[in-house]
Amino acid sequence: MDRLTAETKIKELAKRIERHNRLYHEEDRPEISDQEYDQLMRELRELETSFPDLQSPDSPSLRVGGEPLPFFEKVVHKTPMLSLGNAFNEEDIRDFDRRVRQAVGSQAVRYVAELKIDGLAVSLHYENGLFVRGATRGDGTTGEDITQNLKTIRSIPLRLTKPLTLEVRGEAYMSKGAFEKLNKEREERGEALFANPRNSAAGSLRQLDPKIAASRQLDTFIYGIGDLQGETVESHSEGLDLLETLGFMVNQERRVFDDVDELLAFIAGWTEKRPHLPYEIDGMVIKVDSYAQQEELGFTAKSPRWAIAYKFPAEEAVT
Ligand SMILES: NC(=O)c1cc2c(N)ncc(C(N)=O)c2s1
């Protein structure tokens, strides 16, 4: 086949596969069988193998994973991925609120409260709208390059809706349902079981063979911007809206609060609702919304002064 024909065929196959992905994953109304879908994917991968430079950086073939890596490269994060200070009760949250108000003086303070997803923290780097590198948190400064594994997660866009250069942070996780299904399959194969969804997500993403991650139902919630070129946002909640616009999966259970009593009521509400969520959370994250106030508050040696993680008491074992 000549190059021009191959280029046309690759584009046509990619479009058909993406359409069937949408029908299957988003609209739950597949039009072709798994075998027919696999055949389309095989044709695309054969053409991309024959003409590697014709593989688009957002080709759907990247979702199935390529060859295993010999090892993971190290990645230095553009801005460190810090851990959060912890709060364990209402008084700790009130102390946090007092410290914030003391630092920002008479200014009004708005908080954003979000669910704290119990998964594996990841950093995703995009250049001109294309996903170029993804890494684990590691020690907060240096992580492992797991780009090939992350490209198999469908909720991670390979191309953003705008050609922006930015670094985002989020959590890769496995839903409770996917975790139960995976452990059931492993039990039938006589393999060791994963202890919890967090370990199975981390275990899946730390495999050198990306086909393993591709075979696991992994998902993401993106919750932060590490570095942004070409756009300005003034607050965390505005940043979350931008992330959603760009095509990231952003958790909807987020609320802004101007009053710490309402914030505490929201947190108490989620303590009750937590077992009914389809994914595991281990607390709530409360952040000062204004970036200007975050700047003013700054960081301690290891954590931002403008955020705190409220940790739920350990969930009673479901008997
Ligand atoms: N260590 C961290 O900075 C964070 C960790 C997490 C987490 N596990 N889930 C959600 C958020 C969030 N919505 O901000 C954060 S922030």
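Order of appearance sets the numbers: ligands from 1, and atoms from 1 within every ligand. The model shown is predicted, which means the values in this text are computed figures rather than measured ones. Just so you know, residue 1 is the first one in the sequence shown, and it goes up from there.
- Interatomic distance, Asp219 CG to Glu171 CD, rounded to the nearest 0.5 Å: 12.0 Å.
- Using the six-membered ring where Trp is involved, Phe257 and Phe266 have ring planes that are tilted, between 30° and 60° apart.
- Listed here is the closest heavy atom pair of Ala307 and Lys287: CB-CG, 3.8 Å.
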Between ligand 1 and the protein, give all atom pairs where both partners are nitrogen or oxygen and the distance is under 3.5 Å, as lines of names plus distance to 0.1 Å.
residue: ligand 1; atom: 1 (N); partner: Leu82; partner atom: O; Å: 3.4
residue: ligand 1; atom: 8 (N); partner: Ile117; partner atom: O; Å: 2.9
residue: ligand 1; atom: 8 (N); partner: Glu171; partner atom: OE1; Å: 3.3
residue: ligand 1; atom: 9 (N); partner: Ile117; partner atom: N; Å: 3.0
residue: ligand 1; atom: 13 (N); partner: Glu114; partner atom: OE1; Å: 2.9
residue: ligand 1; atom: 14 (O); partner: Lys287; partner atom: NZ; Å: 2.8

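- With sequence neighbours excluded, the residues forming a side-chain hydrogen bond (donor to acceptor under 3.5 Å, both in side chains) with Arg42 are Gln39, listed by chain and number.
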(request) Give the intermediate values and the outcome of salt bridge (charged side-chain N to carboxylate O under 4.0 Å, His left out) for residues Glu91 and Arg98. (result) CA-CA 10 Å; Glu91 206 39 45; Arg98 271 190 286 273; 2.8 Å; yes
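- Between Phe248 and Tyr126, the angle of the ring planes goes over 60°, which puts this pair in the perpendicular group of the 30/60° scheme.
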